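Note that the structure is a prediction, hence the values are computed from the model and not measured. We use all heavy atoms of the structure for the numbers below, so side chains are in, but hydrogens, waters and symmetry mates are not. Residue numbers begin at 1 in each chain, while the letters A, B, ... track the order of the sequences.
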Protein chains: 2
Amino acid sequence: MPTTTRPSGLQPDQIVDVAHTLISEHGLAWFSMRKLAAALDVNPMTVYLRFDSKDALLDAVARRGLRDVELPDLPEGPWEDRAVALCTVLRSHLLADRNLLGLYATADRLSAALLQSVEQGLTLMEEIGFRGEGAVLAFRSLFWHTVGFTLVHHSFDHFPADSPGGLQGTFGTVDESTHPVFARNLSSFTSVDGDALFDHTTHLVVAGLRDGAPTSEETR
Amino acid sequence: MPTTTRPSGLQPDQIVDVAHTLISEHGLAWFSMRKLAAALDVNPMTVYLRFDSKDALLDAVARRGLRDVELPDLPEGPWEDRAVALCTVLRSHLLADRNLLGLYATADRLSAALLQSVEQGLTLMEEIGFRGEGAVLAFRSLFWHTVGFTLVHHSFDHFPADSPGGLQGTFGTVDESTHPVFARNLSSFTSVDGDALFDHTTHLVVAGLRDGAPTSEETR
DNA sequence: ACCTGAACACCGTTCAAGT
DNA sequence: ACCTGAACACCGTTCAAGT
């Protein structure tokens with residue numbers, strides 16, 4: 001070894017790759033600039049030559065995680081089914097790596113990374129008669145419905161029923177006189193199936209879009 | 001002063017209160033256990049006598065932030081309007097303190113803190129004929145739609161149009177041959193009005209619920 | 001020019017020691 | 001019993017110094 005400082009030629013892409021892998025494997029909370037540097041076998045400060053800050057790096061990692069998302073072609077079938085399918089695929093891509101979800105939540109320009117979904121979504125909206133800003137609005141409803149529901153997904157994991165206290169523990173005592181309807185339906189508050197709830201709500205949004213579309217019966 | 005250690009009688013509620021205030025004023029990123037202790041004029045370790053960890057404390061802060069939410073009575077009017085109003089009120093409560101939003105995103109048992117909304121939501125669902133688990137499912141769709149959209153809200157703040165690069169900067173070059181529909185509608189991608197988009201999508205969900213309700217015309 | 005080592009100003013948390 | 005001080009094992013980031 002001629003010198004102690006190798007001109008590593010460390011590329012930004014490589015840094016983002018390794019950061020992505022580390023976060024994916026160990027989680028966002030575990031990740032640090034120093035651990036990243038160790039994984040890259042480089043001085044902690046070298047990373048700062050390529051990225052201004054940890055935030056800037058995380059931004060790049062988030063964008064990278066979504067950049068190469070390849071959405072499959074939508075299946076044949078009724079319009080509603082294809083619209084729901086778009087949402088389902090999008091969501092499963094976002095959920096694919098749970099450790100990166102926290103990153104997407106704070107990463108701006110989420111939609112910019114998902115060009116494929118924009119193309120497919122707009123096509124669907126035009127198919128039922130939406131044009132221009134109307135098509136964009138309709139697409140955005142569906143898109144952000146999907147992203148929002150996905151970000152909220154982990155809240156379902158720890159819902160009562162299975163937990164020690166059960167519903168009592170979570171809701172405390174539901175006062176029959178102030179919350180009569182709630183009290184009467186308490187036994188129906190079973191644990192939440194996130195996938196089913198998403199699917200159900202997506203159908204509601206899709207049906208709403210379809211009903212409000214300029215063209216209701218000309219899809220062919 | 002007789003001794004240097006006051007038997008402060010520091011109450012957990014007081015700790016949570018001060019933590020809530022600090023986060024609300026300076027943000028979640030600024031907040032630390034040591035700064036909290038300084039604000040309480042107490043040794044940093046004293047807080048650990050009441051809370052096992054920072055996470056446990058933040059959990060308590062999140063719950064406290066929602067505990068006393070008093071939802072106003074729903075206005076008179078058509079069912080759809082009242083359902084939308086419930087969502088709007090819920091959202092504005094969650095958005096009231098933007099600095100606490102990040103807390104809710106990771107706080108489990110979000111719904112447990114919002115008993116009021118459960119009572120009102122279930123009442124609405126029963127009004128159009130939903131019963132038992134059907135009513136709970138319908139309510140959950142509306143509730144989590146609202147929470148999800150709220151958590152995603154800040155993504156809209158930095159949407160292109162006003163930013164330096166504009167749409168070009170965010171989307172890069174939209175290839176006309178691979179994304180023809182997108183390219184054709186590029187000019188319709190104006191900046192996102194989060195409130196309007198939420199309102200619009202909420203109407204879609206509400207309309208979907210109404211249409212799928214057991215009773216369609218017996219509301220009275 | 002490119003990289004590093006040491007240092008600065010912080011963290012959350014543990015634990016032996018004080019009163 | 002109740003609280004603290006010092007310490008441990010970390011952080012992100014700056015910057016003068018090395019090659």
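- An OP1 or OP2 oxygen of C:dT4 is reached within less than 4.0 angstrom by a side-chain nitrogen or oxygen of A:Thr46.
- Taking the side chain of A:Ser53 as heavy atoms from C-beta on, and the options D:dA7, D:dT13, C:dT14, the nearest nucleotide is D:dT13.
- Here C:dC11 presents its P atom at 9 Å from NZ of B:Lys54, a figure rounded to the nearest Å.
- As a whole-Å value, the separation of B:Met45 CE from C:dA16 P is 15 Å.
- With the nearest nucleotide of DNA chain C identified for both B:Asp52 and A:Leu49, A:Leu49 has the one nearer the 5' end.
- A heavy atom closer than 4.0 Å to some atom of DNA chain D occurs in A:Ser32, A:Met33, these being the qualifying members of residues 20-33 of chain A.
- Partners of B:Thr21 under the side-chain contact (heavy atoms from CB on, under 4.5 Å) rule, at least two apart in sequence or in another chain, are B:Glu25.
- Evaluation of the side-chain contact (heavy atoms from CB on, under 4.5 Å) rule for A:Ala135 yields A:Leu122, A:Met125, A:Phe130 as partners, not counting sequence neighbours.
- One can place CD of A:Gln11 at 11 Å from P of C:dC2, the figure rounded to the nearest angstrom.
- In this structure, B:Leu36 places its CG atom 10 Å from P of C:dG12, rounding to the nearest Å.
- Salt bridge absent: A:Arg140 and A:Glu133 never bring a charged side-chain N and a carboxylate O closer than 4.0 Å.
- Note on B:Arg50: every side-chain N or O is 4.0 Å or more away from OP1 and OP2 of D:dC2.
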Contacts under 3.5 angstrom, residues 199-206 of chain B side chains, donor-acceptor by atom type, not counting sequence neighbours:
unit_1, atom_1, unit_2, atom_2, d
B:His200, ND1, A:Ser141, OG, 3.1
B:Thr201, OG1, A:Ser141, OG, 2.9
B:Thr201, OG1, B:Leu197, O, 2.8
B:Thr202, OG1, B:His145, NE2, 2.9
B:Thr202, OG1, B:Phe198, O, 2.7
B:His203, ND1, B:Asp199, O, 3.0

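- Remark: the separation of the C1' atoms in D:dC15 and C:dC3 is 13 Å, to the nearest Å.
- Of the candidate nucleotides D:dT13, C:dT4, C:dG12, D:dT13 has the atom nearest to the side chain of A:Arg34.
- Applying the side-chain contact (heavy atoms from CB on, under 4.5 Å) test to B:Asp195 and every residue at least two apart in sequence or in another chain returns B:Arg91, B:His153, B:Asp193.
- Within the 4.5 Å cutoff, the side chain of A:Ile15 has no heavy atoms near those of the A:Val42 side chain.
- Applying the ring-ring contact (aromatic ring centres under 6.0 Å, His included) rule to pairs touching residues 24-59 of chain A yields A:His26-A:Trp30, sequence neighbours excluded.
- With sequence neighbours excluded, no residue forms a salt bridge (Lys or Arg N to Asp or Glu O under 4.0 Å) with B:Glu119.
- For B:Arg34, there are no salt bridge (Lys or Arg N to Asp or Glu O under 4.0 Å) partners two or more places apart in sequence or in a different chain.
- Atom C1' of nucleotide C:dC2 and atom OH of A:Tyr48 are separated by 18 Å, given to the nearest angstrom.
- Between A:Lys35 and D:dC10 there is no side-chain N or O to OP1 or OP2 distance below 4.0 Å.
- Protein atom CG of B:Asn43 is 14 Å distant from nucleotide atom P of C:dT14, rounded to whole Å.
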Dot-bracket assigned to DNA chain D with the 3.5 Å Watson-Crick/G-U criterion, [ ] for crossing and | for other-strand pairs, is ||.|||||...|||||.||

